[in-house]
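Presented below is the structure to which this report refers.
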Amino acid sequence: SLSSRLQNVFSKLRGKGKVSEEDVSEAMREVRLALLEADVNFKVVKDFIAKVKERAIGLDVSKSFTPGMVVIDIVNKELTELMGGTQSKLAKANKPPTVIMMAGLQGAGKTTTTGKLAKLLQKSNNRPLLIACDIYRPAAIKQLQVLGEQINAPVFSLGDQTSPVEIARAGLQHAKENGNDYVIIDTAGRLHIDEELMEELKQIHQVTKPDEVLLVVDAMTGQDAVNVAQSFHEQLALTGVVLTKLDGDTRGGAALSVKAVTGCPIKFAAMGEKIDSLEPFHPERMASRILGMGDMLSLIEKAQMNIDADKAKEMERKMRTAEFTFDDFLEQMEQVRNLGPLDQIMDMLPGMNKMKGMKDMKVDEKQIGRVEAIVRSMTKEEKQKPELLNHSRRKRVAAGSGTTIVEVNRLIKQFDDMKKMMKQFSSMMGPKGPKGGKK
Ligand code: GDP
Ligand code: MG
């Protein structure tokens, strides 16, 4: 994958005490290939490489104390810029309702995303109305109604005998009369872009004057997704893009090219079929995910929603400053358990996907029990200062926890690796975290 290829390039650089101009050029050649293979638009790749090189030369990377890290940092920043820099928020109408129109090819995920977006809006105390304007696809109306029921959001429909333009107009009126502060219009798609569909979408646009026109794009379609985005943009003046199916085996190209080619920011990312799998798109997080930093920030946000907020904040601070002890490790293990599927969580943690040991360990509940037992067999001091754990102490811990010294050694090694990754992560992001650390 793109991630693992880039990680390979950078692990070569990272190990070097000195980086020559040639090393940087070589790394850039590999980055270029990796991006092209991930189906990133070739013009975008060309610009990207040029920018990274320019910055690297400007900074005189070879003189830096940690040249490998400097190069990674530059690539990270440029990747973030490529995807729009900062998070792009949903527009809001001065006078409600805010009108959001969904557009995209058939099967891209419009209807599903309409439901997900409504759920997100409800979470911040809004009252969205969903309007069923796909009268062509069999059962499309029913699909939206089922989603509406699931989240307890009203769905406006006039069946499949009224024109979509009329439905949109009547639905908007209905929202005004019923005090809905958002309407989300689910529209029809085709397998390919066609004139008739565009004409209909343009008319819906004229009648409802949407504050947002969101193009729903299937991230799995790669380069094609970008072409689709471009032609929709020419016709409809899109205000944003929703990338769906990022949970699948995407090559990542769409995420990296769509903003650069169309100028439209990616506003949301969908990562699953479930109704709560839509998230605001954060370019900086996507960049660090691609570079294998793990999506620590997403994890922290998720933790803050599901776990005690103060504890999560403290954890975030500790991760940033890398003053992380075995006590924190244990606490985190426990909190992680409350978050959901372990494999998914492990993928989000920095370095986890790179730690072969961790993968071999196969994170199951039983394994976590053993890890807990090991940590609990350490003294208070040992938990705070793992470097105290010499051979005889390790033997004692193994005996005390009913495990073996091999397991104890492995855990300590993993803990150290994790700490190292955190240090790297925080130095890359700067002392104030990703936002403060940006240029
Ligand atoms: P539409 O034709 O654009 O309205 O597309 P739908 O909303 O009907 O979605 C088409 C298919 O894609 C459905 O089976 C959805 O469950 C699936 N789908 C939508 N979004 C995602 C996603 O983020 N991840 C995955 N894995 N499947 C998705
Ligand atoms: Mg649909």
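Numbers here are sequence positions counted from 1. Just so you know, ligand 1 is whichever comes first in the structure, and atom 1 is the first atom listed for that ligand.
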State, with a plain yes or no, whether a side-chain heavy atom of Leu79 is found less than 4.5 Å away from one of Val75.
-> yes
What residue and heavy atom of the protein are closest to atom 2 (O) of ligand 1, and at what distance?
-> Arg137 NH1, 2.5 Å
Short version for Leu105: what comes under 4.0 Å of ligand 1, heavy atoms counted, is backbone
Give a yes or no on whether the backbone of Asn180 and the side-chain of Asn178 come within a donor-acceptor separation of less than 3.5 Å.
-> no
Among non-hydrogen protein atoms, atom 5 (O) of ligand 1 lies closest to Gly109 N, 3.0 Å
Does ligand 1 have an atom that lies less than 4.0 angstrom from a heavy atom of Gly104?
-> no
Looking at Tyr136, does the NZ or CZ of Arg190 lie under 6.0 angstrom from its six-membered ring centre and within 45 degrees of the ring axis?
-> yes
Lys259 side chain vs Leu256 backbone, donor-acceptor pair below 3.5 Å = no
Nearest heavy atom to atom 12 (O) of ligand 1 wins, so pick from Lys245, Met271, Glu273, Lys116.
-> Lys245
Ligand 1 contact on Asp247 by region, counting heavy-atom pairs under 4.0 Å | side chain
heavy-atom search around atom 15 (C) of ligand 1 in the protein gives Thr112 OG1, 3.7 Å
Starting from atom 8 (O) of ligand 1, find the nearest protein heavy-atom neighbour and note its residue, name and distance.
-> Gln143 NE2, 3.0 Å
Test ring pair (Phe, Tyr, Trp, His ring centres under 6.0 Å) applied to Phe232 - qualifying residues, sequence neighbours left out | none
Do you know which two heavy atoms are closest between Pro164 and Glu200, and how far apart they sit?
-> CG-OE2, 3.2 Å
Polar contact flag, side-chain donor to acceptor under 3.5 angstrom, Gln230-Thr262 | no
Give yes if a backbone or side-chain nitrogen or oxygen of Leu246 is under 3.5 Å from a nitrogen or oxygen of ligand 1, and no if not.
-> no
With a cut-off of 2.8 Å, which protein N/O/S atoms are close to the Mg ion (ligand 2), if we only count those under it?
-> Thr111 OG1
Note: ligand 1 atoms sitting under 4.0 Å from heavy atoms of Lys110 are 1 (P), 2 (O), 3 (O), 4 (O), 5 (O), 7 (O)
No-hydrogen, no-angle side-chain donor-acceptor test under 3.5 Å, Glu149 and Gln145 = no
Does the side chain of Thr113 come within less than 4.5 Å of Leu278's, by heavy atoms?
-> yes
Examine Thr113 against ligand 1 and note whether any of their N/O atoms are separated by less than 3.5 Å.
-> no
So, Asp186 versus Thr111: side-chain donor-acceptor pair below 3.5 Å or not?
-> yes
Look only at interatomic distance and state if Gln106 has a nitrogen or oxygen under 3.5 Å from any nitrogen or oxygen of ligand 1.
-> no
Tell me, which protein residue and heavy-atom name are nearest atom 10 (C) of ligand 1, and how many Å apart are they?
-> Gly107 O, 3.6 Å
Min over Gly272, Ser277, Ala270 of heavy-atom distance to atom 21 (C) of ligand 1 lands on Gly272
Quick one: does Asp186 get an N or O within less than 3.5 Å of an N or O on ligand 1?
-> no
Consider only side-chain N and O atoms of Lys116 and Ser277, and report whether a donor and an acceptor are under 3.5 Å apart.
-> yes
Flag side-chain contact, heavy atom, 4.5 Å: Phe48 against Leu35 = yes
Can you check whether Glu78's main-chain N or O pairs, donor with acceptor, with Lys51's side chain at less than 3.5 Å?
-> no
